[in-house]
Amino acid sequence: MFAFYDSAVERKYGGETVRVEAWGEGLRVRAVPVGKIPDEAWALDIDVPKGEVEIHRENPVFIRCGKIKCVIDGGGHLSFFMGERLLFEEARYPWALRETAREYRPRQGGEGFALDLQFEAYDDESIHGMGQYRDAKYEVKGEQLEMAQRNSQISVPFFLSSRGYGFLWNSPAVGYAAFGTNRTTFHTDSTNKIDYWVTADEEPKRIIEKYTDVIGHPSPLPESTLGLWQCKLRYRTQDEVLEVAREYKRRGIIPDVIVIDFFHWIYQGDWDFDPDYWPDPKAMTDELSDMGIRTMVSVWPTFDPRSKNFREFEENGYFVKADRGLDVAFDFNGYSRLIDSTNPEAREAAYALLRKNYGKYGIDMFWLDEAEPEVTKVHPDHYRYWLGSAAEVGNIYPRLHSKMVYDGQSADGVGDILNLVRSAWVGSARFGALVWSGDIESSFREMKVQIVNGINMGIAGIPYWISDTGGFYSGNVNDPVFRELLVRWYEWACFCPVLRMHGDRLPSMGSLVHGTDRGGGFNPSGAPNELWSYGEDMYEIFVKYLKIREGIKPYIKKTADEAAATGVPMIRAMFLEFPDDEVCRGLGDQYMFGSDYLVAPVTDYGARERRVYLPAGEWESVPGGELISSAGEYITAAAPLDKMPVYKRR
């Protein structure tokens, strides 16, 4: 039985309800096996104007919004078209298999159900997006991806298809997406509805723009953050921070941001400076501000029972709960609990601490580390949020954690909001999120993966993305392989949304004191990680590329503003700029930085040249100014250690 509305079609049969509704310049599909469709908006939580809607009430029943049309046949099967061309459709099965594309498995004695939703797969289709994975391939087709947040794994379940459509899995439930050669499957163990959104266009950029319109536009990337960010694990005292800042000033370099890492506090959850090592934060931030440097501090969502704020948050129910056993979620320098950032009251209370303990010093940038949130044992069915079971809603946590700070800063009138966060979900970019890829290995293999991650995160709707320059762990400053890796990674980072020096360098500098549980003195620091820490030869290369970045700051800001206006990322897959060039569709080791700069990082130790594809047109090498006229061809680009192949489109 069909029911027709102004902008939606419903089909009911055997208790199942399937609703296809015009949503922005696309269609939202929701379905339940029995009962009423739940109201949660998830990523689609803003009002957007609908495109032109057409509904056909006779056989074949269809609804069209903008360029995408959904045909619903008499058996309830869904097919999606652009014009008369099939884009994709639900899986079809011979009747003898007794299988269906929408498979619900209700949980005995409880609400919700496990779900498998299957679509046909196509040999001519390439798929990109879905977020960030440590074993990532540029081409998502052929991969099974866990839809769950982990340190260095970020699930943002939107993909772009070469067949001309974009697909958002609008559910924060933990599960997986499998892009097989025979079927595309979305699976979750615990949910209350099917919910996805699709759109179509001939131009891939337009698909991203339509997607951005329905999930919300990114907040602007502040101009005050486009230079060098200085960071390491970890500055242990305010004297160390000031010594670094003064040395940069002496060398004629003013970092835009200096970052103060974890355990500048005593216990997790203090969210305040340890007075033994930071006796006068106001004097420190004032001096940095006078130099033109913004201060960022790290805050974790973990609260140690010894923290001065623990009891208040415990009594008010602001922590994540466990469905069984102890509520402990994290074990690092002592057991701790997690703020439940899905609870709006908990978010308000948490930001009030930031305002009270950091805002008074003029600190208005926060490093939201551990924001997956990180738990010692990853068992989604074990934890319960204010919004529901972690198995059902867990992937939305990092978005709401960013929202906590963004909403508070907006209410306080803070300008130039940007916060560094270790995880994200659909729509995180609305909330001042600069997403970084987490704790990754210092290796050339990892660098290759990170380039792919940056491209796919941009497609998935995260336009401001970075990695730790040189990787986070295992980088020994005395190792020639690591030193070359750091140079190559730094050259690449200069053509990313933000340039940030960070890492836990070896050999360790150790702790300030021993025999104590006070985190400020107990936790060690890695080796120095400033631009001058690696000798004059490397310093000259770092400064050379910093000057290149400083020279294109107006262009970087223009590109960031374009990302905020359209959602088209700063790190762009080649095919976004050259959609008619078939070679560009398969390029995952080079990208466009905005519309003008082609960036080809060097990711092999000892390499002094690399193969680069130049689409048809006129190109100018950067630096150097050599002009190349290309008909759409590969070149062998020189890449001495002090040069990464970069070309500007003329």
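Below, all heavy atoms of this structure are taken into account, side chains as well, without hydrogens, waters or symmetry copies.
Looking at heavy atoms from C-beta onward, Thr295 lies out of side-chain contact with Ile258 at the 4.5 angstrom threshold. Side-chain contact check for Pro218 versus Arg430: every heavy-atom pair is 4.5 Å or farther apart. Side-chain contact check for Leu531 versus Leu228: some heavy-atom pair is nearer than 4.5 Å.
No donor-acceptor pair closer than 3.5 Å links the side chain of Asp270 to the backbone N or O of Asp272. Using modelled atom types, no side-chain atom of Arg150 and backbone atom of Glu374 make a donor-acceptor pair closer than 3.5 Å. With hydrogens and angles disregarded, no donor-acceptor distance shorter than 3.5 Å links the side chain of Ser289 to the backbone of Asp286. Arg483 places a side-chain N or O within 3.5 Å of a backbone atom of Tyr534 that can act as its donor or acceptor partner. Between the side chain of Asp604 and the backbone N or O of Ala607, no donor-acceptor pair lies under 3.5 Å. Although no hydrogens or angles enter the test, the distance criterion places no donor-acceptor pair under 3.5 Å between the side chain of Trp492 and the main chain of Arg488. Between the side chain of Arg236 and the backbone N or O of Gly510 there is at least one donor-acceptor pair closer than 3.5 Å. Remark: side-chain polar atoms of Arg337 are paired, donor with acceptor, to backbone N or O of Val320 under 3.5 angstrom. Using a distance-only test at 3.5 Å, with no hydrogens or angles considered, no donor-acceptor pair links the side chain of Glu370 to the main chain of Trp300. Side chain of Asp381 to backbone of Ala390: no donor-acceptor contact under 3.5 angstrom is found.
A distance of 8.5 Å separates OG in Ser423 from CD in Gln132, rounded to the nearest 0.5 Å. Once rounded to the nearest 0.5 Å, the distance linking CG of Asn419 with CG of Leu368 reads 5.5 Å. Atom CD1 of Ile466 sits about 5.5 Å away from atom CG of Leu420, to the nearest 0.5 Å. Atom SG in Cys494 sits 7.5 Å away from atom CE in Met644 (nearest 0.5 Å).
Applying the 6.0 Å contact sphere to NZ of Lys360 captures more than 12 heavy atoms from other residues, nucleotides or ligands. Counting non-hydrogen atoms of neighbouring residues, nucleotides and ligands closer than 6.0 angstrom, the CD atom of Glu314 exceeds 12 such neighbours. Within 6.0 Å of NZ on Lys547 lie no more than 12 heavy atoms contributed by other residues, nucleotides or ligands. The local environment of CZ in Arg311 is sparse, with at most 12 non-hydrogen atoms from other residues, nucleotides or ligands closer than 6.0 Å. For Phe522, the CZ atom counts as loosely surrounded, since its 6.0 Å shell holds 12 or fewer non-hydrogen atoms of other residues, nucleotides or ligands. Within 6.0 Å of CZ in Arg324 there are more than 12 heavy atoms belonging to other residues, nucleotides or ligands. Remark: Lys544 NZ is packed, more than 12 non-hydrogen atoms of other residues, nucleotides or ligands lying under 6.0 Å away. Within 6.0 Å of CD on Glu550 lie more than 12 heavy atoms contributed by other residues, nucleotides or ligands.
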Practice item. Go through the steps for Phe366 and Trp271 under the test ring pair (Phe, Tyr, Trp, His ring centres under 6.0 Å), then give the verdict. Key: CA-CA 11 Å; Phe366 297 97; Trp271 285 16; 8.2 Å; no
Point to revise | Working for side chain to side chain contact (heavy atoms under 4.5 Å, CB included), residues Tyr464 and Val421 | key: CA-CA 11 Å; Tyr464 313 140; Val421 59; over 6 Å; no
Exercise for review: May I have the step-by-step check of ring pair (Phe, Tyr, Trp, His ring centres under 6.0 Å) for Phe303 and Tyr318, ending in yes or no?
Suggested key: CA-CA 11 Å; Phe303 275 55; Tyr318 293 158; 9.8 Å; no
Exercise for review: Test Trp386 against Ser341 for side-chain hydrogen bond (donor to acceptor under 3.5 Å, both in side chains), laying out the working first.
Suggested key: CA-CA 8 Å; Trp386 182 83; Ser341 291; over 6 Å; no
Practice item. Determine, stepwise, if the pair Trp532 / Phe542 fulfils ring pair (Phe, Tyr, Trp, His ring centres under 6.0 Å). Key: CA-CA 9 Å; Trp532 58 82; Phe542 294 152; over 10 Å; no
Point to revise | side chain to side chain contact (heavy atoms under 4.5 Å, CB included) between Gln149 and Trp425, intermediate numbers included | key: CA-CA 9 Å; Gln149 315 293 14; Trp425 194 65; 3.7 Å; yes
Point to revise | Pair Ile154-Ile462, side chain to side chain contact (heavy atoms under 4.5 Å, CB included): steps then yes or no | key: CA-CA 11 Å; Ile154 304 174; Ile462 307 298; over 6 Å; no
Practice item. Assess whether side chain to side chain contact (heavy atoms under 4.5 Å, CB included) is satisfied between Glu491 and Val602, documenting all intermediate values. Key: CA-CA 9 Å; Glu491 291 168 347; Val602 179; 5.5 Å; no
Exercise for review: Determine, step by step, whether Arg422 and Asp439 satisfy the salt bridge (charged side-chain N to carboxylate O under 4.0 Å, His left out) criterion, reporting the C-alpha distance in whole Å, the side-chain angles of both residues, the deciding distance to 0.1 Å, and the verdict.
Suggested key: CA-CA 9 Å; Arg422 202 176 73 181; Asp439 296 343; 3.4 Å; yes
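Of the N and O atoms on the side chains of Gln268 and Thr302, at least one donor lies less than 3.5 Å from an acceptor on the other residue. A donor and an acceptor atom, one from each side chain of Gln153 and Glu146, are located under 3.5 Å apart. In summary, the side chains of Ser224 and Asp416 do present a donor paired with an acceptor at a separation below 3.5 Å, with no hydrogens or angles considered. Side chain to side chain, Gln230 and Tyr235 meet the donor-acceptor criterion of an N or O pair below 3.5 Å. In the model, Gln450 has a side-chain atom that pairs as donor or acceptor with a side-chain atom of Glu446 under 3.5 Å. The closest side-chain donor-acceptor pair between Thr342 and Asp340 falls under 3.5 angstrom. In the model, Glu441 has no side-chain atom that pairs as donor or acceptor with a side-chain atom of Tyr473 under 3.5 Å. A side-chain N or O of Ser152 and one of Arg134 form a donor-acceptor pair less than 3.5 Å apart.
Ring pair Tyr397/His401: centre-to-centre distance below 6.0 Å. In summary, the aromatic rings of Tyr545 and Tyr490 are positioned with their centroids too far apart to meet the 6.0 Å limit.
Using a 30° and 60° split on the angle between ring planes, Trp436 and Trp367 fall in the perpendicular class, above 60°. Note on ring orientation: taking the six-membered ring where Trp is involved, the planes of Phe593 and Tyr591 are perpendicular (angle over 60°, cut-offs 30° and 60°).
For Trp229 against Met365, the heavy-atom pair with the smallest separation is CH2-CE, 3.7 Å. Thr469 and Ala493 make their closest contact through OG1-CB, 3.6 Å (heavy atoms, listed as atom of the first residue, atom of the second, distance).
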Side-chain atoms of residues 495-503: list all donor-acceptor pairs with protein atoms under 3.5 Å, sequence neighbours left out, distances to 0.1 Å.
residue : atom : partner : partner atom : Å
Arg500  : NH1  : Asp468  : OD1          : 2.7

Show every donor-acceptor pair shorter than 3.5 Å between a side-chain atom in residues 327-336 and any protein atom, with sequence neighbours excluded, or say none if there are none.
residue : atom : partner : partner atom : Å
Asp327  : OD1  : Ala322  : N            : 2.8
Asp327  : OD2  : Lys321  : NZ           : 3.3
Asn333  : ND2  : Asn523  : OD1          : 3.2
Ser336  : OG   : Phe330  : O            : 3.4

Can you give me every donor-acceptor pair (side chain of residues 260-267, partner residue at least two apart or in another chain, under 3.5 Å) with its distance?
residue : atom : partner : partner atom : Å
His264  : ND1  : Asp261  : O            : 3.0
His264  : NE2  : Tyr358  : OH           : 2.7
Tyr267  : OH   : Asp517  : OD1          : 3.3

